[in-house]
Amino acid sequence: ILGPNLFNITDEYPSERSNRNLTLIAKTLQTLANFARYEGKENSMEFMNGFLDEEAANMRQFLNLISSPPPDDWIHGLNTGSEKAELGKNLSHLHTILVENICKLPVPN
C-alpha cells in the first residue's frame, strides 16, 4: 500500500499528498487488523472509529479464513489420500516449470 511503484502498480512515486493518504490507509488497515481504536495521540483519526467498529467482524472472519487449514474438499473431486499425494507431486512439477521459465519473461521497462 505504501509503495505502489514497488509492485509495478504505477511507474511514479506517489506525490506527497498521495503518500500521506496511502499512509493513513495502511495505518487504518493495521489498526483494524489489531482490533484497536484511534484515541489519545491519534485523536485526529477518531472519526474512523465507526468504520473500525463496523468492519471488525469482517476482519475477524478474514483473519480466521486465511489462518485456518483448508477444508478437505477445497478442491472439487479431491477426496482420497492418493489424489492428495498426486496434487503435491503436480504442484512440485508446476513449481519446477515456473522456476525454469521465469527468466524467459520480458523485463518491464
- Message: With a 4.0 Å cut-off on N to O distance, would you call Lys27 and Glu42 a salt bridge?
- Response: yes
- Inspect the surroundings of CZ in Phe35 and state if more than 12 heavy atoms from other residues, nucleotides or ligands are less than 6.0 Å away. yes
- Query: Just by modelled atom types, is the Tyr38 backbone N or O under 3.5 Å from a matching donor or acceptor in the Asn49 side chain?
  - Reply: yes
- Message: Counting only heavy atoms not in Leu6 (residues, nucleotides, ligands), do more than 12 fall under 6.0 Å from its CG?
- Response: yes
- Query: Is the count of non-hydrogen atoms from other residues, nucleotides or ligands lying under 6.0 Å from Asn43 atom CG greater than 12?
  - Reply: yes
- At their closest point, which heavy atom of Met59 faces which heavy atom of Leu29, and how far apart are they? CE-O, 4.4 Å
- Item | same_hphob_cluster(Leu32, Ile66) at 4.5 Å side-chain heavy-atom cutoff | yes
- Query: Can you hop from Phe51 to Leu63 via hydrophobic side chains spaced under 4.5 Å?
  - Reply: yes
- Treating Ile, Leu, Val, Met, Phe, Trp and Tyr as nodes and any side-chain heavy-atom pair under 4.5 angstrom as an edge, say whether Met48 and Leu24 lie in one connected cluster. yes
- Under a side-chain separation threshold of 4.5 Å, the hydrophobic residues clustered together with Val99 are none
- Got a sec, which residues hit side chain to side chain contact (heavy atoms under 4.5 Å, CB included) with Asn58, two or more places apart in sequence or on another chain? Glu55, Gln61
- Cluster companions of Leu98 among Ile, Leu, Val, Met, Phe, Trp, Tyr (side-chain spacing under 4.5 Å): Leu94
